[in-house]
Amino acid sequence: MVNDPIADFLTRIRNACLLRKQSVRAPLSKASRRLAQILKERGFIKSYEIDTSGSYSELILQLKYDNKNRCVIEGLRRISKPGHRVYCGADSLPKVRAGMGVAVISASRCMLEQEGGMITDAQARKLGVGGEVICEVW
């Protein structure tokens, strides 16, 4: 049993990048699916797919590498944790690596609009909403 499935998801990606794996598997949840969708939209991963053939569903991410065989994802950091939640207003959302990275925000207003209720920092600024800062990817 994993206490923090988002941290587990990010750690699996980080470890796979360090080992230069082409793909990584993670347990499927609404949060992991939405995070994978955001990573694909922002160009951090090639693609993702859902595997339901086993006893439980898994998410398979195809990692992306540059021409020097370096992972496109340079770093991942969990910000808000189960023991210490971090919230930001619309005016104080973080900018990751001067806009080159992405901060993932969980906003209550977006729960109805987006599956998983997660949006990027740029989308949150555009909507003028704040929320819980889930993680940063650069």
Side-chain angles (χ1 to χ4, degrees):
M1 178 88 186
V2 177
N3 288 336
D4 189 0
I6 295 173
D8 178 62
F9 179 75
L10 296 174
T11 300
R12 286 173 188 254
I13 294 172
R14 185 181 304 112
N15 290 342
C17 283
L18 289 172
L19 294 173
R20 294 197 172 41
K21 299 278 187 180
Q22 293 301 311
S23 65
V24 62
R25 292 177 165 267
L28 178 67
S29 67
K30 285 183 182 180
S32 65
R33 182 186 308 187
R34 181 63 184 138
L35 280 170
Q37 186 179 8
I38 289 171
L39 291 175
K40 178 161 179 8
E41 288 169 0
R42 292 297 304 260
F44 287 108
I45 62 172
K46 285 183 189 175
S47 63
Y48 68 94
E49 61 186 47
I50 298 169
D51 180 18
T52 57
S53 62
S55 59
Y56 61 94
S57 298
E58 287 184 313
L59 193 62
I60 304 170
L61 301 164
Q62 299 299 323
L63 300 176
K64 195 175 191 180
Y65 292 90
D66 65 5
N67 55 2
K68 294 182 181 177
N69 203 24
R70 291 181 302 212
C71 191
V72 172
I73 299 173
E74 290 181 22
L76 303 136
R77 183 171 49 184
R78 178 81 158 111
I79 303 297
S80 188
K81 300 172 185 172
H84 183 252
R85 301 289 183 186
V86 177
Y87 296 93
C88 284
D91 57 340
S92 62
L93 290 167
K95 273 201 168 188
V96 181
R97 303 282 169 128
M100 297 303 291
V102 63
V104 179
I105 312 295
S106 176
S108 60
R109 183 169 144 195
C110 301
M111 290 293 216
L112 303 174
E113 299 171 17
Q114 304 278 341
E115 181 183 338
M118 293 183 201
I119 57 176
T120 65
D121 55 336
Q123 292 170 323
R125 278 188 201 87
K126 188 175 178 181
L127 293 171
V129 297
E132 182 181 357
V133 183
I134 302 295
C135 64
E136 294 178 345
V137 181
W138 63 92

Validation row: [X], [Y] side chains within 4.5 angstrom (heavy atoms):
| X | Y | result |
| --- | --- | --- |
| R34 | S106 | no |
| C88 | P94 | yes |
| D121 | V102 | yes |
| L61 | F9 | yes |
| K95 | R125 | yes |
| C17 | L63 | yes |
| L28 | D51 | no |

Of all the heavy-atom pairs spanning [X] and [Y], show the shortest one and how long it is.
| X | Y | result |
| --- | --- | --- |
| L93 | A124 | CD1-CB, 3.5 Å |
| W138 | F44 | C-CE2, 3.9 Å |
| C135 | R78 | CB-CA, 4.2 Å |
| K21 | Y65 | O-OH, 2.5 Å |
| G130 | I105 | C-CG2, 4.2 Å |
| R85 | S80 | CA-OG, 3.2 Å |

How many angstroms lie between atom [atom1] of [X] and atom [atom2] of [Y], to the nearest 0.5 angstrom?
| X | Y | atom1 | atom2 | value |
| --- | --- | --- | --- | --- |
| R12 | R25 | CZ | CZ | 10.5 Å |
| L39 | L76 | CG | CG | 7.5 Å |
| K81 | N3 | NZ | CG | 13.5 Å |
| E74 | M100 | CD | CE | 9.0 Å |
| Q123 | I38 | CD | CD1 | 6.5 Å |
| L35 | L59 | CG | CG | 9.5 Å |

Step-by-step side chain to side chain contact (heavy atoms under 4.5 Å, CB included) determination, I45 to I73
CA-CA 8 Å; I45 62 172; I73 299 173; 4.2 Å; yes
Show your working on side chain to side chain contact (heavy atoms under 4.5 Å, CB included) between V137 and I13 and close with a plain yes or no.
CA-CA 11 Å; V137 181; I13 294 172; over 6 Å; no
Suppose we screen for salt bridge (charged side-chain N to carboxylate O under 4.0 Å, His left out). Which residues come up paired with R77, at least two apart in sequence or across chains?
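Listed in chain order: E136.
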Side-chain heavy atoms nearer than 4.5 Å, only ILVMFWY residues, links allowed to pass through others: does that put Y87 and L127 together?
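Y87 does not cluster with L127.
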